[in-house]
Q: 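This structure is in structure tokens; I'll ask about it shortly.
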Amino acid sequence: MSAPPPVAGVIGWPIGHSRSPALHGHWLRRYGLPGWYVPLAVAPGALPQALAGLRALGFSGANVTLPHKEEALALADVATPRARRIGAANTLVLRDGALEADNTDGFGFLENLRAGASGWRADAGPALVLGAGGAARAVVAALIDAGAPSVRLVNRTRARADALADALGGPVETLDWAQAAAAVDGAALLVNTTSLGMQGQPPLELSLAAAAPHALATDIVYAPLVTPFLAEAAACGLRTVDGLGMLLHQARPGFEAWFGRAPEVDAALRQAVLSA
Ligand SMILES: NC(=O)c1ccc[n+]([C@@H]2O[C@H](COP(=O)([O-])OP(=O)(O)OC[C@H]3O[C@@H](n4cnc5c(N)ncnc54)[C@H](OP(=O)(O)O)[C@@H]3O)[C@@H](O)[C@H]2O)c1
């Protein structure tokens, strides 16, 4: 008897808006691989039963999104160092009955910059990170690990930025929200990780006129693709990279683990996910 085709999915609540099924579905079709990737609506409180269900149903693993990322890490049998450092999992792999937790958001963030801004290096100079939520944690950890000499972390709620800096260690300086404009000066990388600028949210209003001419700006918000923050950066003559690529690149390690092929991020994938 041959083994059944691999099955993976994305666990979240709500899950209808997730672009992950379109993303992985595109790769499965493109490479002609057998298998399925399905949306899995799992209510808050039901993650332990859902993970038991993955095992019982023979899943190869799953992505995990809000609100289950922290609990998924706690429930896994083993975790990668980067998932433990970030304190949350977005990728689960079932290997020989053991549930392995990983967090690929920081990987996706860096790969998106490397692909979208040729020659970009984390050690080029200080990074300014706006926001200190769950995604910021992955971004800041990735930047430190990639060699950023310092990270200026600005958040509306200063205490949340302080807690993130304490948890991660490294060259992270926290600042008040009112200091954001001053923190632009001399930064080599400018990152929005707040939800400001997302469809339905107020814009992020920050002048980038004081940014160094070689600075790179990126927004992890990708709906819309050109956020007010990226529009301001472009108007100031800065290089920009939009946030969709982070979503696409973070998916690569999971796809390879579940379906056995290292996938590529290209224009056709971007289009498939944008039109989903
Ligand atoms: N491209 C990707 O692959 C990717 C991956 C993950 C997330 N994202 C996007 O990144 C964004 C953040 O996600 P998250 O999971 O980190 O969310 P989160 O944990 O809820 O954090 C939200 C952040 O936005 C800040 N914020 C919200 N409203 C604000 C306002 N009116 N003024 C100033 N700051 C405000 C929060 O500040 P406080 O701490 O003061 O509340 C916090 O820093 C979302 O839009 C999400 O869709 C994209």
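All of these numbers come straight from a predicted model, not from anything done at the bench. Each ligand, and each atom within it, is numbered from 1 in the order the structure gives.
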Q: Which one holds for Arg156 and ligand 1: side chain close, backbone close, both close, or neither close, with close meaning a heavy atom under 4.0 Å?
A: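 It is both backbone and side chain that touch ligand 1.
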
Q: Look only at the side chain of Trp27 and the backbone of Glu264, and say whether a donor-acceptor pair between them is shorter than 3.5 Å.
A: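 Checked: pair present.
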
Q: For atom 21 (O) of ligand 1, find the nearest protein heavy atom and state the residue, atom name and distance (0.1 Å precision).
A: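 Looking at atom 21 (O) of ligand 1, the protein heavy atom closest to it is Gly133 CA, 3.5 Å.
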
Q: Counting non-hydrogen protein atoms only, what is the nearest one to atom 25 (C) of ligand 1? Give residue, atom name and distance.
A: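 So the nearest neighbour among protein heavy atoms is Thr194 CB, 3.7 Å.
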
Q: Side-chain donor-acceptor pair under 3.5 Å between Asn63 and Ser20, yes or no?
A: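 No, because no side-chain N or O of Asn63 sits under 3.5 Å from a partner of the opposite role on Ser20.
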
Q: Of all the atoms in ligand 1, which lie at a distance below 4.0 Å from a heavy atom belonging to Gly131?
A: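 By the 4.0 Å cutoff, the relevant atoms are 43 (O).
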
Q: In the protein, which heavy atom is nearest to atom 5 (C) of ligand 1, and how far is it?
A: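 For atom 5 (C) of ligand 1, the nearest protein heavy atom is Met246 CE, 3.8 Å.
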
Q: Around atom 32 (N) of ligand 1, find the nearest protein heavy atom and jot down its residue, atom name and distance.
A: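 Nearest protein contact, heavy atoms only, for atom 32 (N) of ligand 1 is Leu196 CD1, 3.5 Å.
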
Q: Can you figure out which of Thr193, Leu244, Leu164 has its heavy atom closest to atom 12 (C) of ligand 1?
A: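 Checking each option, the heavy atom nearest atom 12 (C) of ligand 1 is found in Thr193.
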
Q: Mind checking whether Leu247 has an N or O less than 3.5 Å away from an N or O of ligand 1?
A: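 Between Leu247 and ligand 1 (N or O atoms, distance only) the closest approach is under 3.5 Å.
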
Q: Please tell me whether Asn103 and Thr91 have a donor and an acceptor in their side chains that are separated by less than 3.5 angstrom.
A: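 No - no donor-acceptor pair under 3.5 Å links their side chains.
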
Q: State, to 0.1 Å, how close Leu244 and Tyr222 come at their nearest heavy-atom pair, and which atoms those are.
A: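 Scanning both residues, the minimum pair turns out to be N-CB, 3.4 Å.
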
Q: Quick one: does ligand 1 sit under 4.0 Å from the side chain of Asn155, the backbone, both or neither, non-hydrogen atoms only?
A: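 The answer is the side chain of Asn155.
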
Q: Do Arg82 and Asp105 meet the salt-bridge criterion of a basic N to acidic O distance under 4.0 Å?
A: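 Salt bridge absent between Asp105 and Arg82.
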
Q: Under 4.5 Å between side-chain heavy atoms, hopping through other hydrophobics if needed: is there a path connecting Leu28 to Leu247?
A: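 In one cluster: yes.
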
Q: Mind checking whether Trp258 and His24 have ring centres under 6.0 Å apart?
A: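 When the ring centroids of Trp258 and His24 are compared, they turn out to be within the sub-6.0 Å range.
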
Q: Nearest protein heavy atom to atom 17 (O) of ligand 1: under 4.0 Å?
A: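 No, there is no protein heavy atom closer to it than 4.0 Å.
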
Q: Using a strict cut-off of less than 4.0 Å between a Lys/Arg side-chain nitrogen and an Asp/Glu carboxylate oxygen, indicate whether Asp266 and Arg270 qualify as a salt bridge.
A: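 Looking at Arg270 together with Asp266, the answer is no, because their closest N to O distance does not fall below 4.0 Å.
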
Q: Give me the residue, atom name and distance of the protein heavy atom closest to atom 14 (P) of ligand 1.
A: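 Here the closest protein heavy atom is Ala135 N, 3.8 Å.
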
Q: Pick one: which of Leu92, Leu73, Thr80, Val78 meets side chain to side chain contact (heavy atoms under 4.5 Å, CB included) with Asp102?
A: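 Only one option passes, and that is Thr80.
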
Q: Below a 4.0 angstrom heavy-atom separation, can you tell me which part of Met198, side chain or backbone, both or neither, approaches ligand 1?
A: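 Near ligand 1, Met198 shows its side chain, while the N, CA, C and O stay back.
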
Q: Looking at atom 19 (O) of ligand 1, what's its closest protein heavy atom, distance included?
A: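 Ranking protein heavy atoms by distance from atom 19 (O) of ligand 1, first comes Gly134 N, 3.0 Å.
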
Q: Is the closest N or O pair between Trp177 and ligand 1 shorter than 3.5 Å?
A: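 Not met; the criterion fails.
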
Q: For atom 48 (C) of ligand 1, what is the nearest protein heavy atom, given as residue, atom name and distance?
A: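 Atom 48 (C) of ligand 1 sits closest to the protein heavy atom Ile220 O, 3.2 Å.
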
Q: If you measure from the Lys or Arg side-chain nitrogens to the Asp or Glu carboxylate oxygens, is any gap between Asp77 and Arg55 under 4.0 Å?
A: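 Between Arg55 and Asp77 there is a salt bridge, with a charged N closer than 4.0 Å to a carboxylate O.
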
Q: Considering only heavy atoms, does Val221 approach ligand 1 within less than 4.0 Å through its side chain, its backbone, both, or neither?
A: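 The answer is the side chain.
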
Q: Answer with yes or no whether Ala132 contacts ligand 1, where contact means a heavy atom under 4.0 Å from a ligand atom.
A: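 Yes, Ala132 has a heavy atom closer than 4.0 Å to ligand 1.
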
Q: Would you say Arg160 has any N or O atom under 3.5 Å from an N or O of ligand 1, going by distance alone?
A: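 By distance alone, the answer is yes.
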
Q: Which residue holds the protein heavy atom closest to atom 40 (O) of ligand 1, what is that atom called, and what is the gap in Å?
A: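 Here the nearest protein heavy atom works out to Thr157 OG1, 2.5 Å.
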
Q: Looking at Glu111 and Arg252, is there a salt bridge between them, counting it only when a charged N and a carboxylate O are closer than 4.0 Å?
A: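 Yes.
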
Q: What atoms in ligand 1 come closer than 4.0 Å to a heavy atom of Ser195?
A: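 Close to Ser195: 24 (O), 27 (C), 28 (N), 45 (O).
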
Q: Do Asn192 and Thr194 pair up side chain to side chain, a donor and an acceptor below 3.5 Å, judged on atom types alone?
A: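 A donor-acceptor contact under 3.5 Å links the two side chains.
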
